[in-house]
There are 2 protein chains.
Amino acid sequence: MNLVQVIKALSDETRLRILNLLRQGELCVCEIETILGITQSNASRHLNRLTYARILEFYKKAQYVYYKLNEDTLKRYSFIKEILDNELIREELYRADLEKLRRYRESKLSCDDLRRNKVCFDEENQNLFIEQDNAYN
Amino acid sequence: MNLVQVIKALSDETRLRILNLLRQGELCVCEIETILGITQSNASRHLNRLTYARILEFYKKAQYVYYKLNEDTLKRYSFIKEILDNELIREELYRADLEKLRRYRESKLSCDDLRRNKVCFDEENQNLFIEQDNAYN
DNA sequence: ATAATATATGAGTATAAACGAATATAATCA
DNA sequence: TGATTATATTCGTTTATACTCATATATTAT
């Protein structure tokens, strides 16, 4: 892994959004999907790319895969830390994502709830809302 | 210009090589081409891209266009400075380019000489060599 | 064992990026 | 003025990237 490859791994908005979330602590794939409003396969692919560049690492627990920042890599490439700590916060998009994450955590809902109850984020007011299970789900 | 766009501008090896050279001071396009061994149109395009991202700026003097780092942008995005100051030097490719630049400057040849005499860099020993003008050039 | 769920991956498509060759433009020199 | 030179740009091609939909895999729950 050389410098250009690391920078390329950072040069995508969705991947920066993922790193922005994971800066607050580990998350499983379905949490990332839901908070960012992206498809499952898209989330998986971006997570894979960041892992390949060693910017992320993961561990499996039950049926979930938890991703988190690879601290060794952040130490080695201090400019990544600089971006995460000082640049992301300057743009509204990333601040809004953090707000969604905060509300999700505040709700005390689990990843299971997210899927079972089809929890979504209302794009207008950023609030969590829950569609209860019904026969057609 | 937002964060992703700046990072994308940095996510190419040739552009990093250009920035690496310009860290040592301004250069005109033909000097960059020759030292990096890339085509004129390629050099021009990458310089344009870096200028569009405000990482570079330029001024014209006679028939030449001189490019240099935009210090305001480097102050604003300190991670760029971090990359230029601490990361490039770690990889052989960029160190070799700096050595070519040093030899070029040591030779006291001008940009005019570079072109008129078809100065090239021998890729094996990194030395400058000069093909004298002749009727077939 | 079977069904359900979380995640990864394959296939196809659309878009972006990088490049070389040729041409256009603008400045200089003879 | 006409030729030369430095740089930018256009065009066509190739490769890389991002995305969706569908399917595969693996784990859990019943």
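These values consider heavy atoms only, across backbone and side chains, with no hydrogens, waters or symmetry-generated copies. So that the names make sense, note that chain A is the first sequence line, chain B the second, and so on, each numbered from 1. Because the structure is predicted, anything quoted here is derived from the model rather than measured.
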To the nearest angstrom, the CD-P distance between B:Glu31 and D:dA6 comes to 11 Å

Listed partners of B:Arg102 passing salt bridge (Lys or Arg N to Asp or Glu O under 4.0 Å), at least two apart:
B:Glu99, B:Glu106

Residues A:Ala9 and A:Ile55: closest non-hydrogen pair is CB-CD1, 3.9 Å

Contacts of B:Glu92 that satisfy salt bridge (Lys or Arg N to Asp or Glu O under 4.0 Å) - sequence neighbours left out
B:Arg95

Taking DNA chain D as the partner, which of residues 9-20 of chain A come within under 4.0 angstrom of it by heavy atom?
A:Asp12, A:Thr14, A:Arg15

What's the NZ-C1' distance between B:Lys61 and D:dT7, to the nearest Å?
17 Å

Can you tell me how far P of C:dA6 sits from OH of A:Tyr66, to the nearest Å?
11 Å

Side chain of A:Gln40, base of C:dA6: donor and acceptor closer than 3.5 Å?
no

For A:Tyr94, check ring-ring contact (aromatic ring centres under 6.0 Å, His included) against everything at least two apart and list the hits.
none

In whole Å, I'd like the distance from the CD1 atom of A:Ile38 to the P atom of D:dC21.
14 Å

Considering every strand and a 4.0 Å limit on heavy-atom distances, what is the contact class for A:Tyr67: base, sugar-phosphate, or nothing?
sugar-phosphate

Enumerate the residue pairs fulfilling side-chain hydrogen bond (donor to acceptor under 3.5 Å, both in side chains) with a member in residues 50-62 of chain A, sequence neighbours excluded, ordered by first and then second residue.
A:Glu26-A:Tyr59

Hey, can you pull the donor-acceptor pairs under 3.5 Å for the side chains in residues 77-84 of chain B, sequence neighbours left out?
from: B:Ser78; atom 1: OG; to: A:Glu82; atom 2: OE2; distance (Å): 2.5
from: B:Lys81; atom 1: NZ; to: B:Asp85; atom 2: OD2; distance (Å): 3.3
from: B:Glu82; atom 1: OE1; to: B:Asn86; atom 2: ND2; distance (Å): 3.2
from: B:Glu82; atom 1: OE2; to: A:Ser78; atom 2: OG; distance (Å): 2.5
from: B:Glu82; atom 1: OE2; to: B:Asn86; atom 2: ND2; distance (Å): 3.2

Listed in order of residue number, which residues of residues 41-56 of chain B have a non-hydrogen atom at under 4.0 Å from DNA chain C?
B:Ser41, B:Asn42, B:Arg45, B:His46, B:Arg49

Can you check the B:Leu27 CG to D:dT7 P distance for me, whole Å?
11 Å

Nucleotide nearest B:Gln63 (side chain, heavy atoms from C-beta), chosen from C:dT7, C:dT28, D:dT7:
C:dT28

Can you sort out the partners of B:Asp12 under side chain to side chain contact (heavy atoms under 4.5 Å, CB included), two or more places apart, ordered by chain and number?
B:Thr14, B:Arg15, B:His46

With A:Asn2, which residues qualify under side chain to side chain contact (heavy atoms under 4.5 Å, CB included), at least two apart?
A:Val4, A:Gln5, B:Glu91

B:Lys60 NZ to D:dA8 P, in whole Å, measures 7 Å

Give B:Phe58 one of three labels, base, sugar-phosphate or nothing, depending on what nucleic acid heavy atoms sit under 4.0 Å from its own.
nothing

Any Lys/Arg nitrogen of B:Arg76 or A:Glu87 sitting under 4.0 Å from an Asp/Glu carboxylate oxygen of the other?
yes

A:Lys8 near the nucleic acid: base, sugar-phosphate alone, or nothing, with a heavy-atom cut-off under 4.0 Å?
sugar-phosphate

